[in-house]
There are 2 protein chains.
Amino acid sequence: MYSKKSPKEILHQYGLKVTNARVKVLHVLMQSQVALSHGDIFSRINGNGLDKVTLYRTLSSFVNAGLAHKVATEDRTWLHALHMPEERDEGVEDHAHFVCDTCERIYCLPLVTEAAAAVPIKESGFQVKSHEYRLHGTCPECH
Amino acid sequence: MYSKKSPKEILHQYGLKVTNARVKVLHVLMQSQVALSHGDIFSRINGNGLDKVTLYRTLSSFVNAGLAHKVATEDRTWLHALHMPEERDEGVEDHAHFVCDTCERIYCLPLVTEAAAAVPIKESGFQVKSHEYRLHGTCPECH
DNA sequence: AATATTATTGCAACAAAGTTGCATTTTTGC
DNA sequence: GCAAAAATGCAACTTTGTTGCAATAATATT
Ligand SMILES: [Mn+2]
Ligand SMILES: [Mn+2]
Ligand SMILES: [Zn+2]
Ligand SMILES: [Zn+2]
């Protein structure tokens with residue numbers, strides 16, 4: 001899905017300076033179908049010597065630029081994923097996170113638009129501005 | 001809503017041994033309309049001298065017993081809340097978490113049953129077993 | 001192509017949240 | 001009350017992520 005554009009082109013498009021660290025990290029994220037932790041990315045990159053702090057800052061820069069987003073896991077860490085192509089056209093918020101209870105991978109999945117509509121709440125006085133839908137179950141790899 | 005039963009009675013009901021720490025922590029949780037952090041609870045209890053590790057373990061015991069549940073926050077900490085009365089009758093999973101973007105409080109809110117039904121996903125091969133719906137916006141206290 | 005400006009990087013030290021091991025104290029069924 | 005099992009307190013530890021700062025690299029301009 002990202003095959004049309006190179007990491008460099010994408011970084012330019014998102015207004016980010018093109019650095020070694022960013023090219024490498026973006027490349028890793030582009031290969032992955034699932035959201036990755038700092039540790040996941042770090043181990044796929046090192047050998048190419050990259051400081052852990054730089055990786056944290058690289059990921060932050062991607063999130064701030066709107067190129068990636070992050071998901072909190074049950075064990076208080078962050079996973080990062082690029083926005084899906086569909087999300088670039090539509091709103092960025094409207095997708096679900098699927099957490100596999102077997103392998104713990106987290107996938108970003110598009111929602112059927114109608115189902116993603118605002119959910120009515122019994123109580124009043126709560127103004128809903130955005131939402132996150134998180135699904136738990138078993139992923140295709142695990143059954 | 002919990003006024004009918006005392007902390008002691010509730011602890012018995014959930015098969016937990018009645019200890020000072022548990023009675024105090026349960027009391028604090030019963031007073032609160034929102035989910036509380038370890039720090040929130042700790043500061044409301046101390047003076048009554050209670051070790052931080054004991055509080056962690058107390059909260060875990062509540063979650064394991066099914067008396068309380070925990071919600072991960074954006075800053076990678078846990079908040080704890082008692083299950084709502086409605087949830088005790090119905091399933092425990094079916095409620096939404098409302099995160100106020102102003103005061104950062106997290107409320108447990110019941111969902112309209114129809115809206116909580118399974119959301120269809122475009123991809124196939126993902127078996128959904130449970131879900132969490134997290135809403136962001138402004139709470140009644142903040143507007 | 002060299003220079004100036006500004007952002008990024010690496011390193012070391014630090015912070016916050018939560019966990020573990022173990023000896024001591026409480027709880028509870030009898 | 002007594003014994004068995006569970007809960008507690010304390011200290012040390014782990015994991016994840018952050019901060020300050022000097023050195024380096026990226027870009028726009030000449
Ligand atoms: Mn996602
Ligand atoms: Mn809740
Ligand atoms: Zn899986
Ligand atoms: Zn609020």
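This one's a predicted model, so the numbers in the text were calculated from it and none came from an experiment. Quick note on labels: first sequence line is chain A, next is B, and so on, each numbered from 1.
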Acceptor/donor pairs from residues 37-50 of chain A side chains to any protein atom, 3.5 angstrom cut, sequence neighbours excluded:
| residue | atom | partner | partner atom | Å |
| --- | --- | --- | --- | --- |
| Ser37(A) | OG | Gly39(A) | N | 3.3 |
| Ser37(A) | OG | Asp40(A) | N | 2.9 |
| Ser37(A) | OG | Asp40(A) | OD1 | 3.4 |
| Ser37(A) | OG | Asp40(A) | OD2 | 3.1 |
| His38(A) | NE2 | Lys52(A) | O | 3.1 |
| Asp40(A) | OD2 | Ser37(A) | N | 2.8 |
| Ser43(A) | OG | Gly39(A) | O | 3.1 |
| Ser43(A) | OG | Asp40(A) | O | 3.0 |
| Asn46(A) | OD1 | Leu50(A) | N | 3.0 |

Whole-Å distance between dG17(D) C1' and Lys70(A) NZ? 10 Å
Using residues 134-143 of chain B as the side-chain source, report each donor-acceptor pair under 3.5 Å to any protein atom, sequence neighbours left out, with the distance given to one decimal.
| residue | atom | partner | partner atom | Å |
| --- | --- | --- | --- | --- |
| Arg134(B) | NE | Glu132(B) | OE2 | 3.2 |
| Arg134(B) | NH1 | Ala72(B) | O | 2.6 |
| Arg134(B) | NH2 | Ala72(B) | O | 3.1 |
| Arg134(B) | NH2 | Glu132(B) | OE2 | 3.1 |
| His136(B) | ND1 | Asp101(B) | OD1 | 2.9 |
| Thr138(B) | OG1 | Lys129(A) | NZ | 2.6 |
| His143(B) | ND1 | Cys139(B) | O | 3.3 |
| His143(B) | NE2 | Gly125(A) | O | 3.4 |

Name all residues meeting the side-chain contact (heavy atoms from CB on, under 4.5 Å) criterion together with Arg57(A); count only those two or more places apart in sequence or in a different chain, and write none if there are none. Val53(A)
Going by the rule side chain to side chain donor-acceptor pair (under 3.5 Å), which residues pair with Glu9(A) if we only count those two or more places apart in sequence or in a different chain? Ser6(A)
What string of B, S and - do you get for nucleotides 5-13 of chain D 5' to 3' if you count protein non-hydrogen atoms under 4.0 Å? -SSBBBB--
Co-membership, hydrophobic cluster, residues Tyr107(A) and Val99(A), 4.5 Å side-chain: no
Using five base pairs at each end, measure the axis-to-axis angle across the helix from dA1(C)-dT30(D) to dC30(C)-dG1(D) and round it to 10 degrees. 40°
Given side-chain contact (heavy atoms from CB on, under 4.5 Å), test Tyr14(A) with Asn64(A) step by step and report yes or no. CA-CA 10 Å; Tyr14(A) 280 81; Asn64(A) 291 337; over 6 Å; no
Does Thr58(B) reach the main-chain N or O of Thr54(B) with its side chain, forming a donor-acceptor pair under 3.5 Å? yes
Proximity to DNA chain C (any heavy atom under 4.0 Å), residues of residues 99-107 of chain B only: none
Intermediate values then yes/no, side-chain contact (heavy atoms from CB on, under 4.5 Å), Tyr133(A) and His97(A): CA-CA 6 Å; Tyr133(A) 206 11; His97(A) 288 133; over 6 Å; no
Euclidean distance, atom CD of residue Glu74(B) to atom P of dG17(D) [Å, nearest integer]: 13 Å
Walk me through it: do Leu26(B) and Ile10(B) pass the test side-chain contact (heavy atoms from CB on, under 4.5 Å)? CA-CA 9 Å; Leu26(B) 180 50; Ile10(B) 294 175; 3.9 Å; yes
If you walk 5' to 3' along DNA chain C, what is the first nucleotide with an atom under 4.0 Å of a heavy atom in chain B, and what is the last? dA17(C) to dT28(C)
Side chain to side chain donor-acceptor pair (under 3.5 Å) partners for Gln31(B), two or more places apart: His27(B)
According to a 4.5 Å side-chain heavy-atom criterion applied to Ile, Leu, Val, Met, Phe, Trp and Tyr, with indirect links allowed, do Leu67(A) and Trp78(A) form part of one hydrophobic cluster? no
Please report, rounded to the nearest Å, how far the P atom of dG17(D) is from the CZ atom of Arg76(B). 6 Å
Got a sec, which residues hit side-chain contact (heavy atoms from CB on, under 4.5 Å) with Ser61(B), two or more places apart in sequence or on another chain? Leu16(B), Arg22(B)
Under the ring-ring contact (aromatic ring centres under 6.0 Å, His included) test, which residues partner His80(B), sequence neighbours left out? none
